[in-house]
Amino acid sequence: MPLVTVDVIKDVFTPAQKEEIIRKVTDAVVEVEGEALRSVTWVRIMEVEQGDWGIGGQLLKARDVHAIRDTVPA
């Protein structure tokens, strides 16, 4: 029974985006392990409080992630 944990900064993803992450991560596991594992594949999203996550020595908040996302071409 696979368990996949996705850590994200709180308030970065909408409920709809989190639902899509869960669906697509499940699909990825099933692609590797086979359809029989779909019903027992667990995906959980763990939200980390803003300011409790950092990169390059700098604290990150949701607005920082949104700013990064807005600068990357689609």
Side-chain angles (χ1 to χ4, degrees):
M1 156 167 83
L3 168 62
V4 180
T5 302
V6 180
D7 295 322
V8 298
I9 296 173
K10 189 173 181 178
D11 299 327
V12 170
F13 295 97
T14 66
Q17 289 172 317
K18 289 186 273 188
E19 183 178 343
E20 184 176 3
I21 290 168
I22 290 170
R23 187 175 53 256
K24 288 183 175 184
V25 169
T26 299
D27 289 345
V29 171
V30 167
E31 184 177 328
V32 173
E33 295 292 336
E35 189 62 40
L37 287 185
R38 182 176 298 280
S39 66
V40 295
T41 298
W42 295 35
V43 179
R44 65 181 177 176
I45 296 179
M46 304 295 291
E47 291 187 306
V48 177
E49 289 295 326
Q50 297 185 48
D52 287 349
W53 186 312
I55 185 169
Q58 301 296 314
L59 294 179
L60 286 177
K61 296 190 177 184
R63 69 174 182 259
D64 302 319
V65 177
H66 290 293
I68 293 167
R69 183 172 56 198
D70 292 343
T71 63
V72 177

> Between Gln58 and Asp64, is any pair of side-chain heavy atoms under 4.5 Å apart?
Replying inline: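 The answer is no; the side chains never approach within 4.5 Å.
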>> Counting C-beta onward and ignoring hydrogens, is there a side-chain heavy-atom pair between Asp7 and Trp53 closer than 4.5 Å?
In response: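 A side-chain contact under 4.5 Å exists here.
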Grouping I, L, V, M, F, W and Y whenever their side-chain heavy atoms are under 4.5 Å apart, do [X] and [Y] come out in a common cluster?
{"X": "Val40", "Y": "Leu3", "result": "yes"}
{"X": "Val6", "Y": "Val48", "result": "yes"}
{"X": "Val30", "Y": "Val4", "result": "no"}

> Residues in side-chain hydrogen bond (donor to acceptor under 3.5 Å, both in side chains) with Glu35, at least two apart?
Replying inline: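 Counting only residues at least two positions away or on another chain, Glu35 forms a side-chain hydrogen bond (donor to acceptor under 3.5 Å, both in side chains) with Arg38.
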So, taking the atom named [atom1] in [X] and the one named [atom2] in [Y], what distance separates them when rounded to the nearest 0.5 Å?
{"X": "Arg44", "Y": "Thr5", "atom1": "CZ", "atom2": "OG1", "result": "3.5 Å"}
{"X": "Lys10", "Y": "Gln50", "atom1": "NZ", "atom2": "CD", "result": "8.5 Å"}
{"X": "Leu59", "Y": "Asp52", "atom1": "CG", "atom2": "CG", "result": "8.0 Å"}
{"X": "Thr26", "Y": "Leu37", "atom1": "OG1", "atom2": "CG", "result": "11.0 Å"}
{"X": "Ile21", "Y": "Phe13", "atom1": "CD1", "atom2": "CZ", "result": "4.5 Å"}

> For Val65, which of Asp70, Asp11, Ile9, Ile55 qualifies under side-chain contact (heavy atoms from CB on, under 4.5 Å)?
Replying inline: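 Among Asp70, Asp11, Ile9, Ile55, the one meeting side-chain contact (heavy atoms from CB on, under 4.5 Å) with Val65 is Ile9.
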> Can you name the residues that form a salt bridge (charged side-chain N to carboxylate O under 4.0 Å, His left out) with Glu20, not counting sequence neighbours?
Replying inline: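 Glu20: salt bridge (charged side-chain N to carboxylate O under 4.0 Å, His left out) contacts with Lys24.
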> By salt bridge (charged side-chain N to carboxylate O under 4.0 Å, His left out), which residues pair with Glu33, not counting sequence neighbours?
Replying inline: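 Listed in chain order: nothing, the list is empty.
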>> Tell me if a side-chain donor or acceptor on Gln17 pairs with a main-chain N or O of Thr14 at a distance below 3.5 Å.
In response: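 Answer holds: yes.
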> Counting N and O atoms only, with roles assigned by atom type, does the side chain of Glu47 sit under 3.5 Å from a partner on the main chain of Val8, one being a donor and the other an acceptor?
Replying inline: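 No: the side chain of Glu47 does not pair with the backbone of Val8.
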> Does NZ belonging to Lys18 count more than 12 external heavy atoms closer than 6.0 Å?
Replying inline: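 Above 12, so yes.
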> Are His66 and Arg63 linked by a side-chain donor-acceptor pair shorter than 3.5 Å?
Replying inline: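 Distance-only check fails for His66 and Arg63.
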> Nearest heavy-atom pair of Val29 and Pro2: which atoms, and what distance?
Replying inline: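 Looking at all heavy atoms of both residues, the shortest contact is CG1-CG, 3.9 Å.
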